[in-house]
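The structure appears below as structure tokens.
All values derive from a computational prediction rather than experimental measurement.
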Amino acid sequence: MSQPQPADPGAGAGTPSEHHLSLTVIRAFAANVLIGVAKTVAAVLTGAASMVAEAAHSWADAGNEIFLMTAERRAARPPDAEHPTGYGREAYVWSMLAALGLFLAGAAVSIMHGIQELVAPEPASNFVIAYVVFAVAFVLEGISFAQAFRQMRRGAQEADRDLLEQALTTSDPTLRALFAEDFAAVIGIVVATGGVLAHDLTGSPVPDAIGSILVGLLLGVVALVLFDRNRDFLVGEVLDPAKRELVVAGLREHAEIDRLTMLHVEYVGPRKVLLVARVDLVGDAPEHELGERLLRLERELESRPTVARAILSPATSGEAELI
């Protein structure tokens, strides 16, 4: 009879494969470059402040995709002697840089340009060009967002979370960044279109300038949220209570474990955790045998794709069982 197995800490994570996600990032990068070129040309031809903000937005997103591709490549390096849990946390470093880029390159440019337009407005014309570019951009960004939405929803369903909770709690910073950026892009286009349309209908540059500022504020909020979540994972994000309870239950059911007195499970990268526990094994084995049994258990846990490293130590007789 096979012995009970500890619950997989990553069960129900619902994240897409790295290859699939890489293709999503590449497609998003190509789309943002094309959209950025179109918006830049339209901004020059129309002089609309909101179009300038949207051009800055698309170029910022394209730059961020480079950071995200770098994050995936560097985080995928295998463990070595100096990094026994692997290089997964690099994903959060590069994703944090992407969030800073979104804030500096996108939000700052959009807000500053909007303020300048309020203080010293410049004439705008050829609004039809802006409408065409916004329509094409909305379709392309909508397709990209739909892809990120489906991936995020799949993970939310498997983890029994709502969509927003999954977007905030997923250990995959690349998927979170793509979802947030595409969402902001779709909303930004709607806001910018409204600003340009109001400028066209009223002849006043104020709505256009306000649209630029609103796009910048939207980017700033998204950037700060992404920055904060990546900071949390770099500092040390532990499993949520529901997943932790599954791991506790799985370890207690293991045929070789009599008591569990301490457990710490912390993310060390996308879909990767460090598992540290103190356990009391079944029987009264001598010290040399105890070490061998703990080592076998560690290797068993590390055979799971989500466990980067498992460290088990023997519990003392005076320790209370984990509640």
Side-chain angles (χ1 to χ4, degrees), residues 14-16 20-21 23-36 39 50 53-69 71 92 95-111 133-157 159 161-195 211-230 232 270:
T15 50
H20 193 191
L21 195 54
L23 290 177
T24 303
V25 176
I26 293 172
R27 284 197 294 265
F29 172 75
N32 278 314
V33 169
L34 292 175
I35 295 170
K39 288 179 179 177
S50 294
E54 277 299 296
H57 184 174
S58 292
W59 287 117
D61 282 354
N64 291 340
E65 259 86 62
I66 295 176
F67 281 117
L68 295 179
M69 285 186 279
Y92 304 118
S95 297
M96 183 177 286
L97 292 175
L100 286 173
L102 182 63
F103 178 75
L104 295 175
V109 169
S110 300
I111 293 172
V133 170
F134 280 143
V136 174
F138 184 82
V139 172
L140 294 178
E141 296 286 10
I143 293 172
S144 182
F145 176 66
Q147 175 71 15
F149 179 87
R150 283 193 296 269
Q151 293 177 350
M152 191 66 74
R153 183 178 60 183
R154 187 182 310 123
Q157 291 172 342
R161 300 187 182 116
D162 60 52
L163 188 69
L164 181 58
E165 183 183 7
Q166 177 67 10
L168 290 173
T169 59
T170 178
S171 66
D172 193 327
T174 301
L175 179 59
R176 176 169 39 248
L178 287 173
F179 179 83
E181 287 179 9
D182 289 341
F183 174 77
V186 172
I187 299 300
I189 290 172
V190 172
V191 172
T193 302
S212 179
I213 294 172
L214 290 177
V215 169
L217 291 175
L218 173 65
L219 295 181
V221 170
V222 170
L224 290 175
V225 170
L226 292 177
F227 181 91
D228 185 63
R229 289 306 291 139
N230 284 302
D232 289 339

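Counting heavy atoms from C-beta on, the side chains of Ile213 and Leu217 come closer than 4.5 Å. Between Asn32 and Glu141, the closest side-chain pair of non-hydrogen atoms falls below 4.5 Å. Within the 4.5 Å cutoff, no side-chain heavy atoms of Leu68 are placed close to those of Phe29. Contact annotation: the side chain of Leu168 approaches that of Val225 to within less than 4.5 Å [non-hydrogen atoms, C-beta and beyond]. The side-chain heavy atoms of Val25 and Thr174, taken from C-beta on, include a pair separated by under 4.5 Å. Within the 4.5 Å cutoff, the side chain of Asp232 has no heavy atoms near those of the Tyr92 side chain.
Looking at residues two or more places apart in sequence or on another chain, you find a salt bridge (Lys or Arg N to Asp or Glu O under 4.0 Å) between Asp228 and Arg231. In terms of the salt bridge (Lys or Arg N to Asp or Glu O under 4.0 Å) criterion, Arg176 has no residue partners (sequence neighbours excluded).
Here the CD-CD distance, from Gln166 to Gln157, works out to 10.0 Å after rounding to the nearest 0.5 Å. Distance check, rounded to the nearest 0.5 Å: CD of Gln151 to CG of Leu175 gives 5.5 Å. Separating the CE atom in Met152 from the OG1 atom in Thr170 is a distance of 6.0 Å, to the nearest 0.5 Å. Rounded to the nearest 0.5 Å, atoms CH2 (Trp59) and CD1 (Ile35) are 10.5 Å apart. Atoms CZ and CD1, from Arg27 and Ile143 in turn, are 10.5 Å apart once rounded to the nearest 0.5 Å. Rounded to the nearest 0.5 Å, atoms CG (Leu140) and CG (Asp182) are 11.0 Å apart.
Across all non-hydrogen atoms, the minimal contact from Ala184 to Leu218 is O-CD2, 3.4 Å. Among all heavy-atom pairs drawn from Ser50 and Gly195, the shortest one is OG-CA, 4.2 Å. When all heavy atoms of Ala156 and Asp162 are compared, the closest pair comes out as CB-O, 4.0 Å. Taking all atoms of both residues into account, the shortest heavy-atom contact from Pro173 to Ser95 is CB-OG, 3.3 Å. When every heavy atom of Ala180 is checked against every heavy atom of Val222, the shortest pair comes out as CB-CG1, 3.8 Å. Residues Arg229 and Thr169 share a closest heavy-atom pair of NH2-CA, 3.9 Å.
Under the 30°/60° scheme for interplanar angles, the aromatic rings of Phe149 and Phe145 are found to be tilted.
Pairs passing the salt bridge (Lys or Arg N to Asp or Glu O under 4.0 Å) check and including a residue from residues 53-68, sequence neighbours excluded, read Lys39-Glu54.
Side chain of Thr193 to backbone of Ile189: a donor-acceptor contact under 3.5 angstrom is found. Remark: side-chain polar atoms of Ser110 are not paired, donor with acceptor, to backbone N or O of Ser212 under 3.5 angstrom.
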